[in-house]
Trainee: 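Before I ask anything, here is the structure I am working with.
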Amino acid sequence: MSTERYNPQAVEPRWQAAWREARIFETENDDPRPRYYVLEMFPYPSGRIHIGHVRNYTMGDVVARYMRARGFNVLHPMGWDAFGLPAENAAMTNKVQARDWTYKNIATMRGQLQTMGLSLDWSREFATCDVDYYAQQQRLFLDLLDADLAYRRSSRVNWDPVDQTVLANEQVIDGRGWRSGAEVEQRELTQWFFRITRYSEDLLTALETLDRWPAKVRLMQANWIGRSEGMRVRFPLTKPTAAGTREIEVYTTRQDTLFGASFMALSPDHPLAAELAEGDAALAGFIAECRHAGTSEAAIESAEKRGHDTGLAVRHPFDDRTLPVYVANFVLMEYGAGAIFGCPAHDQRDFDFARRYDLPVTPVVLPDGVDAADFAITDKPYDGEGRMINSAFLDGMTITGAKDAVAERLETADPDSAPQGKRETNYRLRDWGISRQRYWGCPIPVVHCEACGVVPVPAADLPVELPDDVELDRPGNPLDHHPTWKHVACPKCDRPAIRETDTMDTFVDSSWYFARFTAPRSATPTEPQAANDWLPVDQYIGGIEHAILHLLYSRFFTRAMRLTGHLDLDEPFAGLFTQGMVVHETYRRADGAWVSPAEVQVTGEGTNRKAVETATGEQVEIGPIEKMSKSRRNTVDPTDIIAGYGADTARLFMLSDSPPDRDVIWTEEGVAGAHRFVQRVWRLVREWSDGREAAGPPVEAGDHPLRRTAHRTLAAVGDGFATLRFNVAVAKIYELVNAISAAQAEADGDPATAAVIDEAMLILVEIMAPITPHLAEECWQALGQEGLVATRDWPAADESLLADATLVLPVQVNGKKRGELTIDADASQVDVETAVTALDFVQRALDGRRPKKIVVVPKRIVNVVV
RNA sequence: GCCCCUGUGGCGGAAUUGGUAGACGCGGCAGACUCAAAAUCUGUUGCCUUCACGGGCGUGCUGGUUCGAGUCCGGCCAGGGGCACCA
C-alpha cells in the first residue's frame with residue numbers, strides 16, 4: 001500500500017476557502033468571550049511581500065490561532081502603511097499615479113498574504129492612504145492643535161537644493177541628498193511639530209510598567225529620551241556688552257566641578273554670539289564656518305574642538321576669578337541653555353578645547369585611594385567618582401554632596417538679588433517635526449490667510465483630499481505648484497487664502513492605526529468604547545528597527561488621543577516582541593556582480609562548498625551571510641517557496657530552530673527539512689487511518705508511555721506558544737512524532753495501544769494546527785473527525801499524566817555524576833538518603849566512612865558529599 | 001568615546017531558571033529496501049583514553065561563591081547592536 005504524497009498546492013487553497021466561507025476569523029466587537037488583540041506591524045505596500053513578512057506574520061498567526069483555541073475572542077487584523085516616498089518615485093519613473101501604483105501593490109500583496117493561510121480578519125482592512133483613514137487623521141490633527149500639542153515654529157532642516165525638499169536625517173548620506181546627490185544645506189524653515197516633549201518624563205517613567213517589552217527596547221527608548229539632572233547657572237559679565245547684555249546663563253550637570261571651570265563657551269547660534277558678531281567680522285566668519293560644517297557622522301567625529309575668543313569675561317560665583325568667554329563649535333543651541341562652562345580636568349571635550357587654547361586644567365575631583373600630591377591630569381580627563389579638592393567649601397565632599405551644596409548655595413538668593421542658579425532636569429528628546437514637502441502623505445488641514453494667520457480647516461470641511469492630477473517631474477513640492485489645489489477661501493474671513501501644502505510624516509499614520517482597527521469604519525477616529533475594550537494590544541510583533549521611532553511616537557500619540565478624548569489609556573502595546581531578520585548568504589561573480597540564490601547551485605561541505613551560476617557554469621564566490629536586500633540580490637521570493645513547498649512548509653521553517661528574536665539563516669536544506677517533516681506527518685496519519693481497522697475496535701486507552709509523552713507535549717507546546725518560544729515548541733512536536741512512530745511500530749495490533757495512538761494522533765494534529773493549519777485540517781479529516789481544527793478548543797492536558805510515579809534521579813558524589821537511583825516519586829527525604837547510601841558506587845566512594853552531607857533536591861538530583 | 005547584548009559539538013540551537021550539558025533538527029558515518037537512483041526506514045555521531053567495564057576533559061579565557069555553575073559575582077578577550085559634540 002502506498003500513501004500519496006501530501007500535495008499542498010491542492011490542499012491549501014481548499015482549506016483557505018473553507019475558513020473564508022465559515023467566516024471564522026471575522027471578529028465581532030460585542031462577542032462575550034474575553035478579548036485578545038494580536039497585531040503584527042503592518043507592511044508598506046512596496047510591491048511584493050518578502051520573507052521577513054512571512055516570518056513576522058507566521059509568528060502572529062500562531063499566537064492568534066492558539067489564543068482563539070484557548071477561548072479568546074481574538075482580534076487579528078491587517079492593513080497597509082501606504083503613504084510614502086517610494087510611491088512618488090515610482091510614479092515619476094513609471095509615469096503612473098502614486099495612488100494607482102499603491103493600490104495595485106496592495107492588491108498583489110493581499111493575494112500573496114492570502115496564500116499563507118493567515119487567520120486574519122480581512123473585513124477590517126484599510127490603507128492609510130484611504131481617504132476615510134486620513135480624514136480621521138486630520139481630525140486628530142485639529143484636536144492636537146486645539147490641545148496645544150501641535151504647533152508651528154521655525155527650525156533648521158536639511159534642505160536638498162536640487163529636489164527642493166526637506167530631507168530627514170536618515171536621507172542625508174555623507175552630507176549629500178540620497179537621491180539627488182546634491183550637497184545638503186541647513187535651512188531655516190517654518191515647520192509643524194508635535195509636542196512630544198510634554199510627555200518626556202511620563203514616556204520615560206512609564207517604561208518601567210512595560211514588563212512585557214524587551215529590556216533592550218526599553219533601554220533604547222530611555223537613552224533616547226535622555227534625562228539628565230543638573231542646573232542652570234547665571235554668570236555675570238565683568239562689564240555689560242554694547243547692547244546691554246549683563247550675564248550669561250549656562251546649563252550643567254556637573255555643578256560640583258565649578259571650581260575647576262576655566263572658560264565659558266557659547267553656541268554659534270546663541271543670541272549673544274549673533275549680537276557680538278555684528279561688530280566683529282572675524283567672529284561672524286567663524287559662526288558662518290560652523291554652520292557650514294557637515295552634519296554627517298564622519299564630519300562630527302573628526303571635527304576639532306574650535307572656538308573664537310570674544311574678549312568678554314564672566315565672574316566666577318564663588319571666588320574672584322574671571323573666565324574668558326568663547327564661541328565654540330561644539331556647543332548646541334537646542335540643548336540646555338546653549339552655553340556651558342568648561343571644566344577641562346573632568347570632561348573630554350572641555351579638555352580637548354583647553355589644550356588647544358592653552359587654558360588652565362585644574363583637577364577638583366580626587367579618585368579614592370589616590371594621594372593628592374600624586375594626582376595630575378596629563379593626557380586624559382578624569383570622570384570617575386572621588387572627593388572634592390581645590391574647591392574651597394566643597395573640599396572633602398563626594399560628588400553628590402558637592403552637587404547639592406552648590407545647588408543649595410546658588411539657589412539661595414541674597415536678599416537684594418535674584419538666585420544665581422536653579423536646579424533643572426533636561427531631556428535629549430526633541431519635539432517631533434512632522435512637516436514633509438511631499439505629495440503622497442496626509443495633508444495638514446490648515447489654511448494660511450494674510451489677515452487671519454494660520455486657520456484650521458473646520459471639521460465640517462474635512463477631509464482635505466489629495467488631488468490626483470499632480471506633476472511629479474518638477475522639483476519641489478507637487479502640492480505647492482499644483483495650479484488650483486492650494487487656492488481656497490479663508491474659513492474665517494472668506495478672503496483668498498492658501499492651503500498648507502506640507503503633508504504629515506508617514507510615522508503619524510502608523511501612530512494610531514492599531515486603535516483604528518478596533519472600529520475601522522467609524523465616522524470618528526475611534527469609537528472610544530471599542531478602543532478601550534480592545535486596547536492595549538496584547539501582543540505586538542515587529543522588527544527591532546522600530547525600537548525607537550514608531551514605538552515611541554505611538555506611545556506619545558496614545559497619550560495625545562487620551563487627552564483629546566479618543567481613548568482612555570496611556571500605553572498602546574502591553575506585550576511587544578521584536579523578531580529577528582531573515583538572512584541569507586551572498587553570491588558574487590568574478591566581475592563583482594551579485595548573483596541571486598535562485599541562479600546558483602551550491603555543492604560540497606564546509607570549506608569545500610562551491611557555488612556555480614546555473615546559467616553559465618561559472619563559479620561564483622560565496623560571500624558573507626547578510627540581511628536579504630535587493631542590492632545584494634540575496635533575496636528569496638516567498639511566492640516561489642509557497643508555490644513549491646506550500647505555505648505550511650514555509651511557516652514551519654520560519655519557526656524551527658532559530659529562536660524568534662534572533663536572525664534566521666534561510667537555507668535550502670532547512671526548507672527541505674521542514675517539508676520532509678510535513679510529508680512525514682502526513683504519511684504517519686494516513687497510514688494509521690488506512691490501517692486503523694486492523695487494529696481492532698476502539699477500547700479504553702491503555703497505560704502506555706506514549707500517553708504521558710502526548711500530554712506532556714501538549715502542555716509544553718501550549719507553553720511554548722504562549723511565551724513565543726516557537727523553536728522549542730517545534731522540537732517538542734518532533735519528539736511526539738518520533739514517539740508515535742515508535743509506538744506504532746511496536747503496537748502490533750494491540751487494541752489498547754491502538755487507542756493510545758489514536759489519542760496521541762489527535763493531540764498531534766491539534767497542537768500542529770497553529771503552525772501548519774492546512775496540514776492539520778487535512779489530517780483531521782483523514783482521522784475521521786468532524787468540523788474544522790481551526791475552531792476546536794485547545795485540548796486539556798491530563799494533569800495526572802504530567803508527573804511520573806517512579807523517578808530516575810541522577811546521583812552525584814562530590815558534585816560529579818556517578819550513577820542513578822530509581823525510586824518512588826513520593827519517597828521521603830530519608831528514604832532517598834537510605835537508598836542512595838546503599839548504592840554500590842556510593843559505598844565504594846564512602847569506603848567505610850559516613851557521608852559528610854547528603855543533598856537531596858526533591859525530584860531532581862542527589863549529591864553525596866564524602 | 002559612552003551604554004547595552006551575545007559567546008554551548010561540524011552547523012542552527014536546547015537545558016525545567018543554581019541541579020544528568022548537548023533535547024530536537026541539519027550535516028556526517030554505517031546499514032536496510034532498490035538492477036540503480038530518488039524517496040523512506042534503522043543504528044550511530046562532543047573530545048581524549050581503554051580490548052572492554054570504565055576513566056578523564058568539556059559551555060570564549062581567567063579567578064571566585066556553592067554540596068553542585070552554561071546559569072550567580074570580579075577581571076579579561078572576541079563578535080554584534082544602540083547613541084554620538086546632549087554639557
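Residue numbers begin at 1 in each chain, while the letters A, B, ... track the order of the sequences.
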Trainee: A/R234 vs A/E247, test: salt bridge (charged side-chain N to carboxylate O under 4.0 Å, His left out). Steps then yes/no.
Mentor: CA-CA 6 Å; A/R234 301 186 322 183; A/E247 62 184 21; 3.7 Å; yes

Trainee: Near A/R850 CZ, under 6.0 Å, is it more than 12 heavy atoms from other residues, nucleotides or ligands?
Mentor: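 No - once you tally the heavy atoms of other residues, nucleotides and ligands closer than 6.0 Å, there are 12 at most.
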
Trainee: Checking one value: the base orientation of B/U17, syn if chi is within 90 degrees of 0, otherwise anti.
Mentor: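 In terms of base orientation relative to the sugar, B/U17 is syn.
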
Trainee: What integer distance in Å separates A/L552:CG from B/C83:P?
Mentor: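 After rounding, the gap between these two atoms is 13 Å.
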
Trainee: Between protein and nucleic acid, restricted to nucleotides 38-48 of chain B and to nitrogen or oxygen atoms under 3.5 Å apart, what atom pairs and distances do you find?
Mentor:
residue: B/U40; atom: O3'; partner: A/R683; partner atom: NH2; Å: 3.1

Trainee: For B/C86, take OP1 and OP2 only and decide whether either is under 4.0 Å from a side-chain N or O of A/T253.
Mentor: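 The answer is no; no side-chain N or O of A/T253 sits under 4.0 Å from OP1 or OP2.
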
Trainee: Restricting to ring-ring contact (aromatic ring centres under 6.0 Å, His included), what partner residues turn up for A/F263, sequence neighbours left out?
Mentor: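 Counting only residues at least two positions away or on another chain, A/F263 forms a ring-ring contact (aromatic ring centres under 6.0 Å, His included) with A/F353.
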
Trainee: Look through every strand shown and name the nucleotide pairing with B/C2 as Watson-Crick or G-U wobble, where both distances are under 3.5 Å.
Mentor: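 When the pairing criteria are applied, B/G82 turns out to be the nucleotide that pairs with B/C2.
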
Trainee: Could you tell me how far B/G68 sits from B/G82 if I compare only their C1' atoms? Round to whole Å.
Mentor: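 Looking at atom C1' only, B/G82 and B/G68 are 38 Å apart.
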
Trainee: Who does B/A39 pair with, Watson-Crick or G-U, both distances under 3.5 Å?
Mentor: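 When the pairing criteria are applied, nothing turns out to pair with B/A39, so the answer is none.
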
Trainee: Enumerate, atom names and distances included, each donor-acceptor pair closer than 3.5 Å involving a side-chain atom of residues 805-817 of chain A, sequence neighbours excluded.
Mentor:
residue: A/N814; atom: OD1; partner: A/V866; partner atom: N; Å: 3.0

Trainee: Once you apply a heavy-atom cut-off of 4.0 Å, does A/V864 come out as touching a base, just sugar-phosphate, or nothing?
Mentor: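 If one applies the 4.0 Å heavy-atom cut-off, A/V864 turns out to touch nothing in the nucleic acid.
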
Trainee: Suppose you measure atom P in B/U59 against the same atom in B/A21; what distance do you get, rounded to whole Å?
Mentor: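 Each nucleotide's P atom is 12 Å from the other's.
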
Trainee: Any side-chain donor-acceptor pair under 3.5 Å between A/S228 and A/N426?
Mentor: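 A/N426 and A/S228 do not have a side-chain donor-acceptor pair below 3.5 Å.
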
Trainee: Send over the distance from A/K305 NZ to B/C86 P, rounded to a whole Å.
Mentor: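 Interatomic distance, NZ of A/K305 to P of B/C86: 8 Å.
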
Trainee: Can you tell me, in whole Å, how much space there is between the P of B/U17 and that of B/C72?
Mentor: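 Rounded to whole Å, the distance is 14 Å.
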
Trainee: Report yes or no: do A/Q221 and A/R555 form a side-chain donor-acceptor pair below 3.5 Å?
Mentor: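 Short answer, yes.
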
Trainee: Taking only the P atom of each, what is the distance from B/G18 to B/G13 in whole angstrom?
Mentor: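 One P to the other, the span is 23 Å.
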
Trainee: Under 4.0 Å, heavy atom to any atom of RNA chain B: which of residues 255-273 of chain A qualify?
Mentor: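 Listed by number, there are none.
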
Trainee: If the plane angle is over 60° it's perpendicular, under 30° parallel, otherwise tilted; pick one for A/Y251 and A/Y335.
Mentor: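 Taking A/Y335 first and then A/Y251, their aromatic rings stand perpendicular (interplane angle over 60°).
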
Trainee: Could you check A/V865 against A/D350 and say which one's nearest nucleotide on RNA chain B is further toward the 5' end?
Mentor: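 Final value for this comparison: A/V865.
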
Trainee: Under the side-chain hydrogen bond (donor to acceptor under 3.5 Å, both in side chains) test, which residues partner A/N634, sequence neighbours left out?
Mentor: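 Testing A/N634 for side-chain hydrogen bond (donor to acceptor under 3.5 Å, both in side chains), a comparison that skips the adjacent residues, returns none.
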
Trainee: With rounding to whole Å, what would you report as the distance between B/G60 and B/U71 at their C1' atoms?
Mentor: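 Approximately 16 Å lies between the C1' atom of B/G60 and that of B/U71.
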
Trainee: Produce the list of close N/O pairs, under 3.5 Å, pairing protein atoms with atoms of nucleotides 13-24 of chain B; give distances to one decimal.
Mentor:
residue: B/A14; atom: OP1; partner: A/N727; partner atom: ND2; Å: 3.3
residue: B/A15; atom: OP1; partner: A/R725; partner atom: NH1; Å: 3.4
residue: B/A15; atom: OP1; partner: A/R725; partner atom: NH2; Å: 2.9
residue: B/U16; atom: O2; partner: A/R860; partner atom: NH1; Å: 3.1
residue: B/U16; atom: N3; partner: A/R860; partner atom: NH1; Å: 3.1
residue: B/G19; atom: N2; partner: A/Q812; partner atom: OE1; Å: 3.4
residue: B/U20; atom: O2; partner: A/K817; partner atom: NZ; Å: 2.8
residue: B/A23; atom: O2'; partner: A/E735; partner atom: OE2; Å: 3.3

Trainee: Rounded to whole angstrom, note down the C1' distance from B/G10 over to B/U45.
Mentor: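 Comparing C1' positions in B/G10 and B/U45 gives a spacing of 11 Å.
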
Trainee: Name all residues meeting the side-chain hydrogen bond (donor to acceptor under 3.5 Å, both in side chains) criterion together with A/W432; count only those two or more places apart in sequence or in a different chain, and write none if there are none.
Mentor: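 side-chain hydrogen bond (donor to acceptor under 3.5 Å, both in side chains) check on A/W432 returns A/D505.
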
Trainee: Salt-bridge test for A/E289 and A/R306: reply yes if a basic N is under 4.0 Å from a carboxylate O, no otherwise.
Mentor: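 Counted as a salt bridge, because a side-chain N and a carboxylate O are separated by less than 4.0 Å.
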
Trainee: Looking at B/G7, which nucleotide sits across from it as a Watson-Crick or G-U wobble partner, both distances under 3.5 angstrom, or is there none?
Mentor: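 Pairing partner, where one exists within any strand: B/C77.
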
Trainee: Return a single string for nucleotides 54-59 of chain B, one symbol per nucleotide in 5' to 3' order, where B is base contact, S is sugar-phosphate-only contact and - is none, cutoff 4.0 angstrom on heavy atoms.
Mentor: --SS--

Trainee: So what's B/U16 paired with, Watson-Crick or G-U wobble, going by both distances under 3.5 Å?
Mentor: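 Because no pair has both required distances under 3.5 Å, B/U16 counts as unpaired.
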
Trainee: Sticking with atom P, work out how far B/U62 lies from B/C57, rounded to a whole angstrom.
Mentor: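 Taking atom P in both B/U62 and B/C57, they lie 14 Å apart.
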
Trainee: Just by distance, do the side chain of A/R232 and the backbone of A/G421 share a donor-acceptor pair under 3.5 Å?
Mentor: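 Such a contact is absent between A/R232 side chain and A/G421 backbone.
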
Trainee: Cut-off 3.5 Å, no hydrogens considered: what does the side-chain donor-acceptor table look like for residues 343-350 of chain A, sequence neighbours left out?
Mentor:
residue: A/H346; atom: ND1; partner: A/Y382; partner atom: O; Å: 2.7
residue: A/H346; atom: NE2; partner: A/V364; partner atom: N; Å: 2.9
residue: A/H346; atom: NE2; partner: A/V365; partner atom: N; Å: 3.1
residue: A/D347; atom: OD1; partner: A/R349; partner atom: N; Å: 2.9
residue: A/D347; atom: OD1; partner: A/D350; partner atom: N; Å: 3.0
residue: A/Q348; atom: NE2; partner: A/D352; partner atom: OD1; Å: 3.1
residue: A/D350; atom: OD2; partner: A/C343; partner atom: N; Å: 2.9

Trainee: Quick one: list whatever passes side-chain hydrogen bond (donor to acceptor under 3.5 Å, both in side chains) with A/E229, sequence neighbours left out.
Mentor: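 Partners of A/E229 by the side-chain hydrogen bond (donor to acceptor under 3.5 Å, both in side chains) criterion, ordered by chain and then number, come out as A/R227.
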
Trainee: What integer number of Å spans the C1' atoms of B/U6 and B/G56?
Mentor: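 Between the two C1' atoms, the distance is 31 Å.
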
Trainee: Pull up the glycosidic torsion of B/G43 and say syn or anti, syn being anything within 90° of 0.
Mentor: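 Classified anti.
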
Trainee: Rounded off to whole Å, could you give me the CE-to-C1' distance for the A/M333 and B/C86 pair?
Mentor: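 For the pair A/M333 CE and B/C86 C1', the rounded distance is 14 Å.
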
Trainee: Expressed in angstrom and rounded to an integer, what is the separation of A/L207 atom CG from B/C3 atom P?
Mentor: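 Rounded to the whole Å, the gap is 20 Å.
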
Trainee: Could you state the CZ-C1' distance from A/F653 to B/G25, rounded to the nearest angstrom?
Mentor: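 Value for this atom pair: 11 Å.
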
Trainee: Considering the options A/I771, A/V728, A/I767, which one meets the side-chain contact (heavy atoms from CB on, under 4.5 Å) requirement together with A/V717?
Mentor: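 For A/V717, the side-chain contact (heavy atoms from CB on, under 4.5 Å) check succeeds only for A/I767.
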
Trainee: Measure CH2/A/W224 against C1'/B/G82 and give the value in whole Å, please.
Mentor: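 Going from A/W224 (CH2) to B/G82 (C1'), I get 10 Å.
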
Trainee: Within 45 degrees of the axis of the six-membered ring of A/W224 and under 6.0 Å from its centre: does A/R428 put its NZ or CZ there?
Mentor: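 Yes, a cation-pi geometry holds between A/R428 and A/W224.
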
Trainee: Could you state the atom-to-atom distance from CG of A/N329 to P of B/A87 in whole Å?
Mentor: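 To the nearest whole Å, that distance equals 17 Å.
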
Trainee: Please output the side-chain donor-acceptor pairs of residues 652-667 of chain A that fall under 3.5 Å, not counting sequence neighbours, one pair per line with the distance.
Mentor:
residue: A/S656; atom: OG; partner: A/L652; partner atom: O; Å: 2.7
residue: A/D663; atom: OD1; partner: A/M581; partner atom: N; Å: 2.8
residue: A/T667; atom: OG1; partner: A/G670; partner atom: N; Å: 3.0

Trainee: Could you check which residues of residues 211-220 of chain A get a heavy atom under 4.0 Å from RNA chain B? Sort them by number, please.
Mentor: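 Correct list: A/K216, A/L219, A/M220.
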
Trainee: Is the base of B/C86 touched by the side chain of A/R430 through a donor-acceptor pair closer than 3.5 angstrom?
Mentor: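 Counting by modelled atom types and ignoring angles, a donor-acceptor contact under 3.5 Å is found here.
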
